[in-house]
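Everything on this sheet refers to the single structure shown next.
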Amino acid sequence: MSGNPYQDDRGNRDLSITNPKGIGEIDGTRKSGAARPAPGGPFLIGEAMTGGYGRGADILHGCTIAVEKGQIAVIVGPNGAGKSTAMKAVFGMLDLRAGHVRLDGEDITALTPQARVAKGMAFVPQTNNIFTSLTVQENLEMGAFLRDDDFRGTMEQVFELFPILRDKRRQPAGELSGGQRQQVAVGRALMTRPKVLMLDEPTAGVSPIVMDELFDRIIEVARTGISILMVEQNARQALEIADKGYVLVQGGNAFAGTGKELLADAEVRRSFLGG
Amino acid sequence: MDLLNAIVALSNFVLIPAIAYGSQLALGALGVTLIYGILRFSNFAHGDTMAFGTMSAILFTWWLQSLGVSLGPLPTALLAIPAGIAGAAALVLLTDRGVYRFYRAQKAKPVILVIVSMGVMFIYNGVVRLIVGPGDQNFADGERFLISARTFRDLTGLEEGLAIRTTQALTVVTAVIVVALLFWFLNRTRTGKSMRAYSDNEDLALLSGINPERVVLVTWLIVAALATVAGVLYGLDKTFKPFTYFQLLLPIFASAIVGGLGNPIGAIAGGFIVAFSEVGITYAWKKVLNHALPESLAPDGLVQLLSTDYKFAVSFVILVIVLLFRPTGLFRGKSV
Amino acid sequence: MNPSVRTWVMFALVSALILGTGFFQSWNSALLILNMGLVSAVMALGVNLQWGIAGLFNVGVMGFVALGGLAVVLISVPPVTEAWAAGGGRLIGALLLGLAVIAAAVQAWKRLSGVLRGWAMAGLLIVGFFVYRAVLDPAVEAIESVNPAATGYLGGLGLPVLLSWPVGGLLAAGAAWVIGKTALGLRSDYLAIATLGIAEIVIAILKAEDWLARGVKNVIGLPRPVPYEIDLQNDPAFVDRAAGFGLDATTASTVYVKLGYSVLFAAVLIVLLVLAQLALKSPWGRMMRAIRDNETAARAMGKNVTARHLQVFVLGSAICGIAGAMMTTLDGQLTPISYQPLRFTFLVWVMVIVGGSGNNLGAVLGGFLIWFLWVQVEPFGQWIMTVVTSGMADGNALKAHLLDSVQHMRLLTMGVILLLVLRFSPRGLLPER
Amino acid sequence: MIRVDNLHRHFGGFRAVDGASLEIAKGSITGLVGPNGAGKTTLFNVIAGALPPTSGRVYMDGEDITGLPPHELFHKGLLRTFQIAHEFSSMTCRENLMMVPGGQSGETLWNAWIGRGRIAREEAVLLKKADEVLDFLTISHLKDERAGNLSGGQKKLLELGRTMMVDAKIVFLDEVGAGVNRTLLNTIGDAILRLNKERGYTFCMIEHDMDFIGRLCDPVIVMAEGHVLAKGTIEEIKANEQVIEAYLGTGLKNKDQVGA
Amino acid sequence: GSHATEAKIGVILGFTGPIESLTPMMADSAELAMKEVNESGKFLDGVTLVPVRADSTCVDSAAATAAAERLVTTDGVVAIMGADCSGVTGAILANVAVANGIPMVSPSATSPALSTAEDNGLFFRTAPSDARQGVVLAEILKARGINEVAVTYSNSDYGKGLADSFAAAYAEMGGSITLNAPHEDNKADYSAEIAALASAGGEALMVLGYADSGGRGMIQASVDTGAFDVFGLGDGMYGDALVDALGGSMEDSFGAVPWSEGDGADAFKTITDAAGINGESSFTRESYDAAALIALAMAKGGEATSAAVAANLLDVANAPGEPILPGELGKALEILAAGGDIDYVGASSVELIGPGEAAGSYRYYEIKDGGYSTVEFK
Ligand SMILES: Nc1ncnc2c1ncn2[C@@H]1O[C@H](COP(=O)(O)OP(=O)(O)OP(=O)(O)O)[C@@H](O)[C@H]1O
Ligand SMILES: Nc1ncnc2c1ncn2[C@@H]1O[C@H](COP(=O)(O)OP(=O)(O)OP(=O)(O)O)[C@@H](O)[C@H]1O
Ligand SMILES: [Mg+2]
Ligand SMILES: [Mg+2]
């Protein structure tokens, strides 16, 4: 409950009049602002971002996250540090009070999330990241919603990347196991043919074998020239494949460096990587 | 021969009326269920939306009739349906702009929207009466019957008659077409799929580049169309009166919920269940049994399970039973 | 604005509206609005208890109000002895039999298991139904044939009418208990549709069962807890005293009677309001707020959420029942067809929302304000339309149409007020906190 | 204290808890670890009555408590906290604590109307206790703050505080440490130890912080894919190949090497 | 006061609510009578009658009482033409009219229970109590040799009361009723009711309801399914709109409607047509008569007061005296001014009996060639 009087349902759970399933948090009625040219700098950067949810307190305090083309950047940090929030901020899902987001030479701070999708960003949220009632194939089609061209090629690629999805393409995605769901989620994001792929804890709830598999796939995706920005709890593995790592603590950058550097840093290891 | 009479009597008084009434309810319930599935609240203003759409169609029908336009044996009002839909669409879109959109931006909880829809219901209620008045409006023309009971009797020589009204046939045909179109639209077209996606997960739909406002707009348009079609068919079959349309809300809600809110198939099934239970459970079987059974066994009494006083109770009792044993309605599983 | 200042200002405003009616229209009108305002406030209090405090969406207020009305007949009307003699005993027997059948069916469902269970229950119900009807129908026929034009029902107990108010509450509470047990016991709530349906069923029973309260033929001339105007007018002492105040007997008697009701109603409202406030400001209220904030956590902290919801639902409905009995007493008659959802369910909701969900004083305020508008929109609308159309030619069709349609402004106004308040003051005129 | 017997909890076709059997000894602080999605929280939910099991039994002190609703379990002395804090957001911290104890006479309406004096006395006692707990948790400056406005860590503390308002027999803690800063976590650890020693609480806690687990817990149970993978002391667990494979990962070996 | 140049008369009808579609015509008719009185220029030395409308809502007793209270205590109406539905009529009578000594003349509250209501001599109605009509309908059936009918009535005090009295009278005459089933007005669908009635069978279907509401819905459903070919109609069912809407299907149906032998109804049709008012709708005649009676009673009493209305209403309504038809109010006023006697016949052949309600002379009609034709007057 955020104190917004319009969101006060007084604990009503009456399913005969309200349908709570699938309600979102992003305001879809907003009109998008314009992107302004801002040449130079990294391929994608959320720079000195400060802001929080609604009228609540700030959660991010001057947080900066960047990723270069075709590289993998990983954000780690304790629970509640604001990792997911930072991702959402980069994606325009919350209002920044200060800071900018720039993508490929443009300042996109004013853009709505929808507009950012059109600009080539894709996002896989931490939870609720598939359409459970749609079939796997429809999930992928939804990923390609903005594309007018023939996306069958891309779908083929996704099926090659995640062969299990091909077998299950007519099955409602809600019936899949956690790991398979995660694959659908990533596949859906890839269908947009993004320039940047943002993943929030893609390996959460995924068995270790699938996790390794996912990491391999992520590296493969990066090799095709797509930049990857992800949050990971399995920090160790993630940092091993990361070109760049960020440690967030309480909404601010605590450490930054290449994955190897962070892994080697004793302080980081002790405080955040469990040893 | 007697068995034939029994079948004809049953068809004439139970099957055909219930199918037609069921189709009308189903069309209404589809509108309610779509809003529930996609906009996530039960729209108390739906009955009055139907009234407004029908009223628009009626006004246009009158104008057409005054021009001497006619469809021959079919009611002229069919020509006016697009105008009615346009009227209803204008109304709901205006309402969405002025009322609902604000709450969407606020990410208001659905129950708030339910209350808002109560306010809208009051307003629609007043607006329709202000424009067309509270009275009965008869706008049906053309042939009333495909086959009337008398004709049927003369034709077949049976004792019992069988009547099929043009409007009944139209209702069923239209309902089938509309439902087929809707299913095709939801399951096959890009926009339709995007609506299902939005219904499933708003945020993810937005992250896939689906414009939520467009989904909402299309939903309202479909709802306006469904409401108007349902309202006009109903009005042609029976009669138009604003108060009656408000009262329709109850069986429509019952239908949508019995079937499983948010599920189009459920809405249709629910419509028929309510219609059949209203007509069937209070049916007096005397006539049918008289035909079907030998003279000696023919019943004295009416053989009526429940008097018609309680026909509305029937649909709610069924509703409660369904909810007790299948809390999500008959068809959950797949929603919109 | 400071909440308590706001409360004062708002109540002052409503008082001013009612006083204004007194000054500009008549004191009789003002008192009448006050009286129905008091009744409405009690209804709103009941709904507020359910929605404001527990988030329960009751769309069947009408049914509970009607049950309260029924109580007035059952308690205050003298018994119709011929009817009792004709079939009273058999009828009571049939009703008990019906209850026994239901109880047996429920037991069968609970005790048995497997396929047998469903069949046993269905069998019991079906056989029981026919036996029940076989006993009931002749009794009903006998009762209803006793002078149908004037009686044709069992009548009541002939007790003081004031007793019917708590009994109305009990009747409503009983119905609410059954509904709540069913709808709140499901895996998730289906209260709204259940109440919507039950309200219709209650009204259907009231209309169809003539032996109970004459069905649609209405029971009129119910006893009053206050004197009759005519008696006062014929009472020289009263006339003298009225003259002492400089009032004519008619005005004095009508005002006196209305004041009598006002005092009774105000007493009920104040008692209920005090009880509600005490409850809200106690650990009970704290528990209810906790449940509203987070049901799961409240359960984990040992609170029986379902039982609390049931309790609040029953209490709120009981209050609606009391209000219904008060209203029927004020009307002096029970007319089943007068129970319409728009008036008795949705309008009460408007009162609660506009007043301020969760705030008992808000609900009371909403009751008064909305009732005032419900009554006064008509003359205001007429006046406005007259002004608006004054420029138009006399024969103008639009003018005639507008003037003829003023009555429909009432619904429109209610809708507009509800939407405006929701939009600009979403917590209502007197917010909860 | 608690015995879980071949417990299953399925969501549709998905087996979140898939034949878990375990035992929590009286007076112990049992750690429950396992990869994300192993079914730990679901297991908690089933034990604590928030979810009915698909099959299997749960016993508490030999009594079958399977499927009892949470509020009854609470009165039997079984408490739990939530992974995602479940505070009563519109109420103050103090009220959050004061509402916890069961059997308050003011919670029945009748007493609320006529037993004001008794309620006032009870409330005074509750208030004192709540303030003590807030003090203990170092958040007494927040006692009149709405709980919804607290930080994640503070909410976690408040959750723990609720368990301290009553005499619990066993407390299930779901990731108390997550989102709590390290110094505070040590305080919480101390509190848990004290409650365990002084008041005899039994704890079962889900935690991902192996240091924290190592400091408090004996034994440690590891869950994976809905069933129990291993049980033992922290050392045994850390050395268990299966556990390393499924949960701890090879990183831990590296650490040991570095540390050595 | 009696020397006011204006006398206000309340017109309290359910302009919103279940019979909102009937009331505008009723109000128009009542106001037509007042207009006629005013235009005659012969009313109490130039006193003008001013109608004041208020909404009874038909169902909401509290709102109706509030509206009546306002009319009486604020607007100062001296008499009330209304109310319409029996429920609100009873409420207004008990709570406002009796308390303030204001006479009420209801055009449409037909509930027998109102006959025995405490009214202090203030309540009149131009609609007959249903008790008499039931007998008339039963007699008609006998006359037509119909011995078995199914009955459907509007589930309201009007319908139920009429159905009860009809059932009693018919049974007494040896007729049998196969099923006596109510129908709700303004409902979505009447298939269930018609199905049950059809199964029960009968030579005709007695429809005791409203012509533009459930009653019509029932006939429509019956015609549509061929359940019944012949309909017996209560007074609420009279109206050209019904015959127009249902066309040939109504052929050979019959019914009774309060009507006087003679030219009352025709005269009424003439003046309503001239005024551009739909006078064929239910209760328009009774409304006209109610308003006319109020005015004539005032004229007889010589003052535009409540007391004058209450005291003289029965007098002007009944014999002896010169019969007065619609459109002849001017003539009536003249006679009264001259101290003569009148016997108001009006559009519905008013004859008030006992506690001030219409005795009811009925026109027994048949529908022939798409129009009403009188068989006889009863
Ligand atoms: N929708 C929201 N409204 C208000 N506050 C929120 C919302 N979502 C998260 N927060 C708060 O923001 C803070 C940061 O949350 P965030 O989800 O970004 O953490 P995180 O670093 O991703 O943690 P985790 O590793 O657990 O996913 C937390 O204190 C959380 O309570
Ligand atoms: N209500 C539910 N419906 C469907 N699936 C569920 C539900 N609750 C949990 N699950 C699934 O059950 C599995 C186990 O979930 P659980 O929350 O118990 O994991 P966990 O071990 O607590 O993980 P974590 O360490 O992330 O908290 C997950 O895959 C989850 O998606
Ligand atoms: Mg996160
Ligand atoms: Mg967990």
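Letters go in sequence order (proteins before strands), and every chain restarts at 1.
When the side-chain hydrogen bond (donor to acceptor under 3.5 Å, both in side chains) test is applied to Asp131(D), the partners found at least two apart in sequence or on another chain are Arg94(D).
Heavy atoms closer than 4.5 Å to chain C are found in both the backbone and the side chain of Met98(D). Using a 4.5 Å cut-off between heavy atoms, Leu126(D) contacts chain C through its side chain alone, with no backbone atom that close. The parts of Leu109(D) that come within reach of chain C are both its backbone and its side chain, each placing non-hydrogen atoms under 4.5 angstrom from that chain. Within the 4.5 angstrom heavy-atom criterion, only backbone atoms of Glu87(D) (N, CA, C, O) approach chain C. Of the atoms belonging to Glu95(D), heavy atoms from both backbone and side chain fall under 4.5 Å from chain C.
In this structure, His8(D) contributes its side chain and Pro53(D) its backbone to no donor-acceptor pair below 3.5 Å. In this structure a side-chain-to-backbone donor-acceptor pair under 3.5 Å is missing from Asn6(D) to Gly56(D).
Here Arg286(C) is the residue among Arg286(C), Arg299(C), Arg292(C) with the most heavy-atom pairs under 4.5 Å with chain D. The choice from Arg116(D), Glu159(D), Glu122(D) that makes the most heavy-atom pairs within less than 4.5 Å of chain C is Arg116(D). With chain D as partner, the option from Leu275(C), Thr296(C), Val305(C) having the largest number of non-hydrogen pairs under 4.5 angstrom is Leu275(C). Of the listed residues Glu72(D), Arg80(D), Arg162(D), the one with more heavy-atom pairs under 4.5 angstrom with chain C than any other is Arg162(D).
A donor-acceptor pair shorter than 3.5 Å cannot be found between the side chains of Asn359(C) and Glu432(C). Judged purely by distance below 3.5 Å, without hydrogens or angles, the side chains of Ser105(D) and Asn111(D) never pair a donor atom with an acceptor atom.
Within residues 311-319 of chain C, the residues approaching chain D closer than 4.5 Å by heavy atoms are, in numerical order, Gln311(C), Leu315(C).
Heavy atoms of other residues, nucleotides or ligands lying less than 6.0 angstrom from CH2 of Trp113(D) number more than 12. The number of heavy-atom neighbours closer than 6.0 Å to NZ of Lys76(D), taken from other residues, nucleotides and ligands shown, is 12 or below.
With Tyr59(D) as the aromatic partner, Arg57(D) does not meet the cation-pi criteria of under 6.0 angstrom to the ring centre and within 45 degrees of the ring axis.
Taking the six-membered ring where the residue is Trp, Phe172(D) and Phe44(D) present perpendicular rings, their angle passing 60° and hence far from 30°.
Taking 4.0 Å as the cut-off between side-chain N and carboxylate O, Glu107(D) and Lys303(C) count as a salt-bridged pair.
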